[in-house]
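Beneath this line is the structure, given in structure tokens, with notes to follow.
If you read the sequence from its start, that first residue is 1, and numbering goes on from there. Indexing begins at 1, ligand by ligand and atom by atom, following the structure's order.
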Amino acid sequence: MATTLPTLTLNNGVTMPALGYGVFQTPPDETVAAVRAALDAGYRHVDTAAAYGNEREVGRAIRESGLNRDDVFVETKVWVSDYGYDQTLHAFEKSAGKLGLEQLDLLILHQPAPTRFDATLDAYRALERLLADGAVRAIGVSNFTPAHLDALLEATDVVPAVNQVELHPYFQQPEVQAADARHGIVTQAWSPIGGITFYPGWGDDRRSTLDDPTLAAIAAAHGKTPAQVMLRWHLQEGRSAIPKSVTPSRIAENLAVTGFELTADEVAAVDALDSGRRSGPDPEGERELFDLAIPEA
Ligand code: NDP
């Protein structure tokens, strides 16, 4: 069985490694070591965001890895406080400057801002400009519902390449996945192994996907871990997934998801775990965090 990591071809022909490495909540002073560990282990796709405060360290890790720039797919996100046409063009300068890169592989809008949707559309028009100018190789969105996508597609020209949304066995968003598929948008899973169901210190009333008995049974049948089963499930269903870990053994574990295949029954069993209940913020909501200011490069 193939052991090379799968890639996805985006709707503009750009190739993206399906499995990326996420750095949300990775403190800046741990980010260089964590991203270096991920690149050394074999990841070739890193997902960061202006709002994570660690783009500078992600860029440093890529440079220090000695890998060719073209061999690492770099994805980052524009935060809401930078929405608007000129503001978002400048947000690109800030992110590219911190990353130390001239061109980004994928730049996405971090959230829809429902009460500032005109600014959200202007931000997307700026992404279209950056794409046309070759400053970014692909553009997309995050946390967009089907209604947000419809409103975006109605008002703009370029279909997003990616929609990054909360997606793990306990919250699968079938209607978002169907809308993405209809428009040729790759669905990218954040919290792909259900991190948001067990973030340390985020309250203990949640049921962790890592403790799920169905996932444990499937994992045992393959001699794998529940995290590996979840990542394999994403890949077999054609999604991109961007697991985060600062722990070298888990970084390697989360990449060791080739060389085995879930059966159709096992995939169906994971599908059946959907509770329909999100753990993360509702994309229809307004958040105080929207006003977080993103520093200059
Ligand atoms: P994940 O599903 O990736 O889970 C991360 C958590 O799981 C961490 O606590 C990590 O701990 C732990 N972990 C990682 N691997 C294993 C393993 N093999 N076994 C047991 N525990 C493990 O959740 P995230 O929410 O971090 O999502 C991943 C990425 O998605 C983020 O880093 C970010 O890039 C993106 N994201 C995007 C959002 C958006 O709004 N667009 C929102 C949230 C996330 P440790 O690090 O201590 O090893």
Side-chain angles (χ1 to χ4, degrees), residues 17-28 30-31 33-35 37-38 41 43 45-55 57-58 73-80 106-113 140-145 148 160 162-173 176 186-204 206 208-212 215-216 219 224-234 239-257 278-283 285 287 289-290 292:
L19 204 61
Y21 176 72
V23 295
F24 175 44
Q25 302 188 103
T26 303
E30 289 178 40
T31 301
V35 174
Y43 287 88
H45 171 181
V46 181
D47 176 71
T48 182
Y52 298 169
N54 55 18
E55 288 174 309
E57 291 74 17
V58 168
F73 189 98
V74 180
E75 172 173 2
T76 192
K77 316 184 189 77
V78 180
W79 186 245
V80 178
L106 176 59
L107 184 60
I108 67 179
L109 301 185
H110 204 140
Q111 301 267 339
V141 295
S142 178
N143 298 307
F144 269 47
T145 64
H148 296 136
V162 163
N163 186 16
Q164 183 184 119
V165 297
E166 180 183 344
L167 209 159
H168 46 77
Y170 290 170
F171 190 58
Q172 300 180 22
Q173 310 219 59
V176 172
V186 166
T187 300
Q188 185 171 58
W190 67 252
S191 272
I193 60 168
I196 197 153
T197 69
F198 58 85
Y199 282 163
W202 283 48
D204 50 13
R206 302 161 185 230
S208 164
T209 47
L210 289 182
D211 297 332
D212 186 85
L215 295 173
K224 294 286 176 181
T225 65
Q228 290 171 320
V229 168
M230 289 187 261
L231 293 168
R232 185 72 222 162
W233 167 73
H234 287 295
R239 288 184 292 275
S240 172
I242 45 171
K244 173 263 179 187
S245 177
V246 294
T247 314
S249 59
R250 290 171 171 174
I251 288 173
E253 175 186 329
N254 294 344
L255 205 57
V257 293
R278 74 172 75 246
S279 294
D282 182 349
R287 300 165 68 197
L289 260 185
F290 280 2
L292 172 82

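- Considering backbone and side-chain atoms together, Pro243 places no N or O closer than 3.5 Å to any N or O of ligand 1.
- The heavy-atom pair separating Asp47 from Ile242 by the smallest distance is OD2-CD1, 3.4 Å.
- Regarding atom 11 (O) of ligand 1, its nearest protein heavy-atom neighbour is Arg250 NH1, 3.1 Å.
- In terms of protein heavy-atom proximity, atom 24 (P) of ligand 1 is nearest to Ser191 OG, 3.5 Å.
- For Ser245, heavy-atom contacts with ligand 1 shorter than 4.0 Å involve the backbone as well as the side chain.
- Note: Asp282 CG to Glu166 CD = 10.5 Å, rounded to the nearest 0.5 Å.
- Neither the backbone nor the side chain of Thr48 has any atom closer than 4.0 Å to an atom of ligand 1 (non-hydrogen atoms only).
- Nearest-heavy-atom check against atom 4 (O) of ligand 1 across Gly194, Gly20, Gly195 picks out Gly195.
- Closest to atom 5 (C) of ligand 1 among all protein heavy atoms lies Lys244 O, 3.3 Å.
- What sits closest to atom 32 (O) of ligand 1 on the protein, heavy atoms only, is Phe24 N, 2.9 Å.
- Near Thr247, with a cut-off below 4.0 Å to any heavy atom, the atoms of ligand 1 are 45 (P), 47 (O), 48 (O).
- Looking from atom 15 (N) of ligand 1 to the surrounding protein, the closest heavy atom is Asn254 ND2, 3.0 Å.
- The NE2 atom of His234 sits 6.0 Å away from atom CG of Leu167, with the distance rounded to the nearest 0.5 Å.
- The N/O atoms of Ile193, backbone and side chain alike, include one that comes under 3.5 Å of an N/O atom in ligand 1.
- Looking at ligand 1, you'll find an N or O of Asn143 within less than 3.5 Å of one of its N or O atoms.
- Of the candidates Tyr21, Trp190, Phe198, Tyr199, Phe198 brings a heavy atom nearest to atom 7 (O) of ligand 1.
- Each of the atoms 32 (O), 34 (O) of ligand 1 lies under 4.0 Å from some heavy atom of Val23.
- At a 3.5 angstrom cut-off on N or O pairs, Leu210 does not count as close to ligand 1.
- Here Ser279 contributes atom OG and His168 contributes atom NE2; the two are 4.5 Å apart, rounded to the nearest 0.5 Å.
- Distance check: Arg239 CZ to Leu19 CG gives 12.5 Å after rounding to the nearest 0.5 Å.
- Of the protein's heavy atoms, Asp47 OD2, 2.6 Å lies nearest to atom 34 (O) of ligand 1.
- Nearest approach of Ser191 to Tyr199, heavy atoms of both residues: OG-OH, 3.6 Å.
- Of all atoms in ligand 1, numbered sequentially from 1 with element shown, those under 4.0 Å from a heavy atom of Ser142 are 39 (C), 41 (N).
- Atom numbering of ligand 1 starts at 1 in the shown order; those under 4.0 Å from a heavy atom of Gln164 are 35 (C), 36 (N), 37 (C), 38 (C), 39 (C), 41 (N).
- Using a 4.0 Å cut-off between heavy atoms, Ala227 contacts ligand 1 through its side chain alone, with no backbone atom that close.
- Contact detail for Pro226 and Leu215: the closest heavy-atom pair is CB-CB, 4.3 Å.
- Nearest heavy atoms, Ala34 versus Tyr21: CB-OH, 3.3 Å.
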Margin query: Please determine whether side-chain contact (heavy atoms from CB on, under 4.5 Å) holds for the pair Phe24 and Lys244, giving the CA-CA distance in whole Å, both sets of side-chain angles, and the decisive distance to 0.1 Å.
Written below: CA-CA 7 Å; Phe24 175 44; Lys244 173 263 179 187; 5.7 Å; no
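- Looking at Pro192 next to ligand 1, an N or O pair under 3.5 Å apart turns up.
- Between the NZ atom of Lys77 and the CG atom of Asn143 there is a distance of 9.0 Å, given to the nearest 0.5 Å.
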Note to self: Show, in sequence, the C-alpha distance, side-chain angles and deciding distance for Thr197 and Phe171, and conclude whether the side-chain contact (heavy atoms from CB on, under 4.5 Å) test is met.
What the structure shows: CA-CA 10 Å; Thr197 69; Phe171 190 58; over 6 Å; no
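- The residue among Thr76, Ile242, Leu255 with a heavy atom at the shortest distance from atom 28 (C) of ligand 1 is Ile242.
- Here the OG-CG distance, from Ser240 to Asn163, works out to 11.5 Å after rounding to the nearest 0.5 Å.
- With a 4.0 Å cut-off on non-hydrogen atoms, Glu253 touches ligand 1 through its side chain and not its backbone.
- Shown here for Pro283 and Pro112, the closest heavy-atom pair between the two residues is O-CG, 3.7 Å.
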